[in-house]
Amino acid sequence: MHGEYKVPGGKLVVVDLDTRDGVLRDVTVAGDFFLEPDEAILAINGALEGAPADTGAAQLAARIDAALPPGTTFYGLSSEGVAIAVRRALAHATDWNDYDWQLIHEPPQSPALHMALDEVITAEVAAGRRPPTLRVWEWGAPAVVIGSFQSLRNEVDPEGAERHGITVVRRISGGGAMFIEPGNTITYSLSVPDALVQGLSFADSYAYLDDWVLGALGDLGVKAWYQPLNDIATEAGKIAGAAQKRIVADDGAVLHHVTMAYDIDADKMLDVLRIGKEKLSDKGTRSAKKRVDPLRRQTGLSRQAVIERMIASFRSRYGLSVGRVTDEEMARARELVATKFSTEGWTARVP
């Protein structure tokens, strides 16, 4: 069995192993990381050898830590990263390069239609009728997108939304509210087979699926990092937030979508969103205006140029062919708009 895991902000860890009589055998850990002293790699292999095959990642990491020689130093590696690679090997997880990725980047669409397309496309990936897909959104109207479990009245000021002509929609994933203006926002979705995140905890899957965009931002000169659970941050402030939804039907799939601030009208946002003191307190700031630092200021590039470079970065890593929403997918999405995403019953399901 073979498992790979890219440590967030670090290096690739590769584990090859077998199982016999319910325990790990012939364990070999490799990768492009740095490790001192040399004999530490033998200690890591030895710590994993003979471990029960159902041992969790935390317990595997503890076995590794207990076996390391005094003064061991990791560079681009962690005991947790090795443990996750082991779990991915045991789960027969796939890798990014195992797939033929498809790009969807189509003209602007309504907020409700975007919500529906996320659900439809991810379900198609789960059913095996569509390859893993990167969908870059173009917004047809300003919007507030609230999380699946958020209270509508607690998150949105209806008078402010009406004053600025902003539509409120609810997505299928959890997380917080997103303030959207078409020219100021970059949004994308990854719809991926469940096998890609096998062996990862829910929290680890966020970092894993965000890793490519951290590289893309680095190519743009923006030093960014994953900030648990679902933010992408820089020294200048937060620039993006992610959310996920798991589809359990068929072979399973994961929807991972990210909204990035290219620019932002902070005064308008505060007139529409009800951002409480409790929410700000865990971000270490007193002002919502300081929470988001737009990409326009950090890159000096146009929104379109940022998107084009992000797509090029993904393509250079994993390959990416140009696709489209099929007629059948669009028909299903429009049906969901009419029956779900544009209805009061869905949008206000948590009043």
Side-chain angles (χ1 to χ4, degrees), residues 1-98 192 194-215 218 223-233 242 244 246 254 256 317-318:
M1 284 171 275
H2 179 87
E4 298 185 1
Y5 179 62
K6 171 77 162 47
V7 176
K11 298 293 186 176
L12 181 69
V13 182
V14 181
V15 176
D16 291 285
L17 56 83
D18 198 357
T19 58
R20 292 191 292 275
D21 300 322
V23 299
L24 307 187
R25 295 298 183 196
D26 305 325
V27 181
T28 302
V29 176
D32 59 355
F33 50 80
F34 301 92
L35 179 64
E36 295 290 347
D38 281 357
E39 56 266 27
I41 192 67
L42 300 178
I44 292 172
N45 292 340
L48 296 170
E49 190 76 21
D54 60 357
T55 306
Q59 290 72 37
L60 289 172
R63 287 176 68 110
I64 293 169
D65 289 336
L68 291 173
T72 296
T73 303
F74 292 128
Y75 299 96
L77 176 67
S78 68
S79 55
E80 293 81 7
V82 175
I84 290 171
V86 170
R87 296 308 314 167
R88 285 177 59 75
L90 292 166
H92 302 285
T94 55
D95 182 68
W96 294 83
N97 291 300
D98 292 332
V192 306
D194 184 67
L196 184 63
V197 297
Q198 282 296 305
L200 299 176
S201 69
F202 187 76
D204 288 333
S205 70
Y206 272 85
Y208 185 71
L209 294 176
D210 278 340
D211 189 67
W212 79 272
V213 81
L214 299 183
K223 183 181 179 181
W225 59 86
Y226 163 71
Q227 184 169 296
L229 170 64
N230 62 332
D231 287 349
I232 296 173
Q244 285 187 8
R246 305 297 172 106
V254 176
H256 179 91
R317 286 169 166 79
Y318 310 122

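Everything quoted here is computed from the prediction, not taken from an experiment.
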Return the minimal non-hydrogen interatomic distance between [X] and [Y], and the atom names on each side.
{"X": "A43", "Y": "P69", "value": "CB-CD, 4.0 Å"}
{"X": "G215", "Y": "R317", "value": "CA-NH2, 3.2 Å"}
{"X": "A85", "Y": "V15", "value": "CB-CG2, 3.6 Å"}
{"X": "P8", "Y": "A207", "value": "CG-CB, 3.6 Å"}
{"X": "D32", "Y": "L12", "value": "OD1-N, 2.8 Å"}
{"X": "A224", "Y": "I232", "value": "CB-CG2, 4.0 Å"}

### Message
How about CZ on F34, more than 12 heavy atoms from neighbouring residues, nucleotides or ligands closer than 6.0 Å, or not?
### Response
no
### Query
Do other residues, nucleotides or ligands put more than 12 heavy atoms under 6.0 Å from the CG atom of D21?
no
### Exercise: do Q198 and D194 side chains pair donor with acceptor under 3.5 Å
yes
Quick one: are [X] and [Y] in side-chain contact, heavy atoms under 4.5 Å?
{"X": "L196", "Y": "Y208", "value": "yes"}
{"X": "F74", "Y": "L68", "value": "yes"}
{"X": "V197", "Y": "Q244", "value": "no"}
{"X": "L209", "Y": "W96", "value": "yes"}
{"X": "Y5", "Y": "R87", "value": "no"}
{"X": "Y75", "Y": "K11", "value": "no"}

First locate atom [atom1] of [X], then atom [atom2] of [Y], and finally report the distance between them rounded to the nearest 0.5 Å.
{"X": "D204", "Y": "Y226", "atom1": "CG", "atom2": "OH", "result": "7.5 Å"}
{"X": "M1", "Y": "D16", "atom1": "CE", "atom2": "CG", "result": "10.5 Å"}
{"X": "L24", "Y": "D54", "atom1": "CG", "atom2": "CG", "result": "9.5 Å"}
{"X": "E4", "Y": "T94", "atom1": "CD", "atom2": "OG1", "result": "10.5 Å"}
{"X": "L60", "Y": "L90", "atom1": "CG", "atom2": "CG", "result": "8.0 Å"}
{"X": "E49", "Y": "D26", "atom1": "CD", "atom2": "CG", "result": "6.0 Å"}

### Task
Check the pair H256, D210 against side chain to side chain contact (heavy atoms under 4.5 Å, CB included), reporting the backbone distance first and the verdict last.
CA-CA 9 Å; H256 179 91; D210 278 340; 2.8 Å; yes
#### Entry: T28, T55, V29, L17 screened by side-chain contact (heavy atoms from CB on, under 4.5 Å) with L48, the one that passes
V29
### Query
Does R88 come within less than 4.0 Å of D95, counting only side-chain N to carboxylate O?
no
### Task
Evaluate the side chain to side chain contact (heavy atoms under 4.5 Å, CB included) criterion for residues L35 and T73: first the C-alpha distance (whole Å), next the side-chain angles of each, then the deciding distance (0.1 Å), finally the verdict.
CA-CA 6 Å; L35 179 64; T73 303; over 6 Å; no
